[in-house]
Protein chains: 2
Amino acid sequence: MDHHDAEADFEQLLRAADLRVTRPRLAVLRAVRRHPHADTGSVLAAVRTEEPTVSHQAVYDVLGVLSDSGLVRRIQPAGSVARYELRVGDNHHHVVCRSCGTVADVDCAVGVRPCLDASDTHGFVVDEAEVTYWGLCPACATAPATATATEN
Amino acid sequence: MDHHDAEADFEQLLRAADLRVTRPRLAVLRAVRRHPHADTGSVLAAVRTEEPTVSHQAVYDVLGVLSDSGLVRRIQPAGSVARYELRVGDNHHHVVCRSCGTVADVDCAVGVRPCLDASDTHGFVVDEAEVTYWGLCPACATAPATATATEN
DNA sequence: TGAAAGACTTGACTGATTCAAGTAAAGACG
DNA sequence: CGTCTTTACTTGAATCAGTCAAGTCTTTCA
């Protein structure tokens, strides 16, 4: 994984989305790549290891525009703050640990767009079906409940 | 729907769950029945039309214990505050309007427990698959986006 | 009826997220 | 390459859902 190639990728990604290329945006993209499912606070911390002067507001703004542009995906399991990931457009889903809040990716077995056919959507125009699996992660399934959700 | 019968039902429900029967709890159950998918604030407001002295903390507490006991179900679509409903244990799902946040119930067409078979759950012990359909409600699909999510 | 456990009230507090005003940097164009 | 316009970022304050803590009232059960 060459550093400059990855940089170029993110830069292209931004330009293709008609977004200005800025240091905070590149840093956020790198942070999200390094920490899949990280919440805003973790992204901020990760960003500041490279760009110590980036403000917390900038991170909120950047995550907002990147989400709106579809460059990152925002998820928010019940009871959790917003989390972000780079995997986008591949219709994957998430398992969330009820005990510690850890999130992992899951490819649905049913097909490319599972469960997108609801019987009656009351006239809603549906464009996405999001599946969240709830349960216990390997650690919490065996150990007593202690941990609290923070990072992945 | 006779008033006293319904009261008796809720009372039984509470006792069956080993919960004390209190005015706030009955009022919350009635409020949630009257306002499916209402958030905590709306439940509080609805409760106070019958029991004006109930504190906001009590409503949080009651909704907490009722959720833990499985008497009500708590949902929280991304970007929304917690919402509550009485329909429980029937594995139904939700459509959420991207524009106004309105929530509606959906029975999944695939079967009783749709999508519960994920290909690889990374060792998680999964006990529930929650499906959230995203799209536009009839009103927002035709009209320009204006409304903001509040009540159902 | 009276005691013990549990629920409720009150009031303060936290923490994620947003708002607003001003400064700085990116991209376009000459 | 320098200037201009647009848009991003910084700073600092504010909001709001939800939680914590201490004390009082109720429910339940003996």
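Throughout, protein chains are lettered first and strands after them, A, B, ... in sequence-line order, and every chain is numbered starting at 1.
In terms of the salt bridge (Lys or Arg N to Asp or Glu O under 4.0 Å) criterion, residue partners of A:R73 (sequence neighbours excluded) are, by chain and number, A:E85. B:R23 is linked by a salt bridge (Lys or Arg N to Asp or Glu O under 4.0 Å) to B:E51, counting only residues two or more places apart in sequence or in another chain. With sequence neighbours excluded, the residues that form a salt bridge (Lys or Arg N to Asp or Glu O under 4.0 Å) with B:R34 are B:E50.
Pairing each heavy atom of B:V96 with each of B:T132, the nearest pair is CG2-CG2, 3.8 Å. When every heavy atom of A:P77 is checked against every heavy atom of A:R83, the shortest pair comes out as CD-CD, 4.5 Å. Looking at every heavy atom in both residues, A:C137 comes nearest to A:C97 through N-SG, 3.3 Å.
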Where protein sits on nucleotides 4-15 of chain D, one letter per nucleotide: B base, S sugar-phosphate only, - none, heavy atoms under 4.0 Å: --BBSSBBB---

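Positionally, the nearest nucleotide of DNA chain D for B:A82 lies more toward the 5' end than for the other of B:V21 and B:A82.
When the C1' atoms of four end pairs are superposed on the next four at each end of the helix from C:dT1-D:dA30 to C:dG30-D:dC1, using five pairs per end, the two resulting axes differ in direction by 40°, to 10°.
For the 3.5 Å distance criterion, the side chains of A:D105 and B:H122 fail to qualify, holding no donor opposite an acceptor.
Here the CG atom belonging to B:L86 is positioned 9.0 Å from the CG atom belonging to B:L71, to the nearest 0.5 angstrom.
Clustering ILVMFWY residues whenever any of their side-chain heavy atoms sit less than 4.5 angstrom apart, transitively, puts A:L19 in the very cluster that holds A:V72. B:L13 and B:V32 fall within a single hydrophobic cluster, where Ile, Leu, Val, Met, Phe, Trp and Tyr side chains are chained together by heavy-atom contacts under 4.5 Å.
For DNA chain C, the contact window with chain B, defined by any atom under 4.0 Å from a protein heavy atom, covers C:dA5 to C:dG11 in 5' to 3' order.
The separation between B:L26 atom CG and D:dT27 atom C1' is 12 Å, rounded to whole Å.
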